[in-house]
Amino acid sequence: MDELLRQATAILRGMWQRRWLGIIVAWVVGAASVAAVLAIPDKYEASARIYVDTQTILRPLMTGLVTQPNVDQQVMMLSRTLITRPNVEKLIRMADLDLKIESLAETLMASLKINNTTRDNIYTINYRDTQPEQAKRVVQSLVSIFVESNLGDSRKDTESARKFLDKEIAAYEKKLEEAEARLKQFKL
């Protein structure tokens, strides 16, 4: 035990004699760490939550006829349709990113994330950038593109539902006329 105490005191005495060297090393390491942290660029993330009506007008009419995709498939379909090359190029023009157009489309397609929240039909769009205004513009532009394309799809869905219902009404009218004709024939 005495040997251990002597070794510990010898080490402590050596440390005390070289304390200025230790303080200098600590300051150099601290300054280098601060410089390294300050050299890391800031990252800003912009995100938006959007409600996606994945249940089209035709869904009640098509029950039992077509299998409906699950939520993960809906997120994948939304990602594939929204983050396409033409939409990303439109996004680049809308968010004023066309100054550095080279390989920007690929990096944007890789850095844009669309995730499903815990609630049905609500999705988040995330984008990270070193400039906060640019991250915000990218997300706003993508939401605008989504809304514009969704309005067109809604119109198409409404028109196709109207055509489908017109065909069904015409078919039922024909069946009703045939049934009335058979009833008339029966009464005669």
Side-chain angles (χ1 to χ4, degrees), residues 22-63 65-162:
I23 290 173
I24 291 170
V25 168
W27 273 97
V28 168
V29 169
S33 300
V34 167
V37 167
L38 291 177
I40 297 172
D42 294 333
K43 287 283 187 178
Y44 299 94
E45 179 175 312
S47 66
R49 287 187 182 176
I50 56 174
Y51 175 77
V52 180
D53 186 14
T54 56
Q55 319 308 324
T56 63
I57 296 172
L58 290 176
R59 183 178 177 141
L61 303 173
M62 299 296 222
T63 5
L65 299 176
V66 179
T67 59
Q68 299 296 325
N70 65 17
V71 175
D72 293 332
Q73 289 174 333
Q74 290 173 350
V75 171
M76 289 303 297
M77 285 190 294
L78 178 66
S79 295
R80 272 189 254 129
T81 57
L82 191 56
I83 305 178
T84 59
R85 182 111 183 149
N87 282 346
V88 169
E89 289 172 355
K90 186 176 180 182
L91 171 68
I92 289 170
R93 286 189 302 278
M94 287 177 72
D96 296 332
L97 299 175
D98 46 2
L99 304 174
K100 43 188 175 177
I101 194 86
E102 305 254 345
S103 75
L104 189 59
E106 287 81 19
T107 57
L108 268 175
M109 290 172 71
S111 61
L112 283 168
K113 303 282 185 241
I114 297 179
N115 299 318
N116 186 14
T117 59
T118 54
R119 297 167 54 193
D120 291 336
N121 299 337
I122 296 182
Y123 300 94
T124 57
I125 297 174
N126 295 323
Y127 177 70
R128 286 187 178 183
D129 200 336
T130 56
Q131 300 172 1
E133 286 300 316
Q134 188 168 335
K136 180 182 170 189
R137 276 196 319 263
V138 167
V139 171
Q140 282 178 336
S141 300
L142 192 59
V143 169
S144 298
I145 290 170
F146 174 74
V147 168
E148 289 170 4
S149 68
N150 211 18
L151 286 175
D153 290 345
S154 296
R155 289 183 191 122
K156 290 176 191 173
D157 287 345
T158 304
E159 185 62 28
S160 62
R162 189 185 61 76

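Each residue takes its place number in the sequence, starting with 1.
- Interatomic distance, CZ of Arg128 versus NZ of Lys43, reported as 8.0 Å (0.5 Å rounding).
- Nearest heavy-atom pair, Ala46 versus Ala135, reported as atom, atom and distance to 0.1 Å: CB-O, 3.3 Å.
- The two residues Ile125 and Val143 make their nearest non-hydrogen contact at CD1-CG2, 4.1 Å.
- Rounding to the nearest 0.5 angstrom, the gap separating the CD atom in Gln134 from the NZ atom in Lys136 is 13.5 Å.
- Separating the OH atom in Tyr44 from the CD atom in Gln131 is a distance of 9.5 Å, to the nearest 0.5 Å.
- With respect to Trp27, the side-chain contact (heavy atoms from CB on, under 4.5 Å) criterion is satisfied by exactly one of Val29, Ile24, Ile23: Ile23.
- Interatomic distance, Thr130 OG1 to Ile40 CD1, rounded to the nearest 0.5 Å: 13.5 Å.
- Contact of the Asp129 side chain with the Val138 side chain is not registered, since no non-hydrogen atoms from C-beta on lie closer than 4.5 Å.
- Interatomic distance, Glu133 CD to Gln140 CD, rounded to the nearest 0.5 Å: 8.5 Å.
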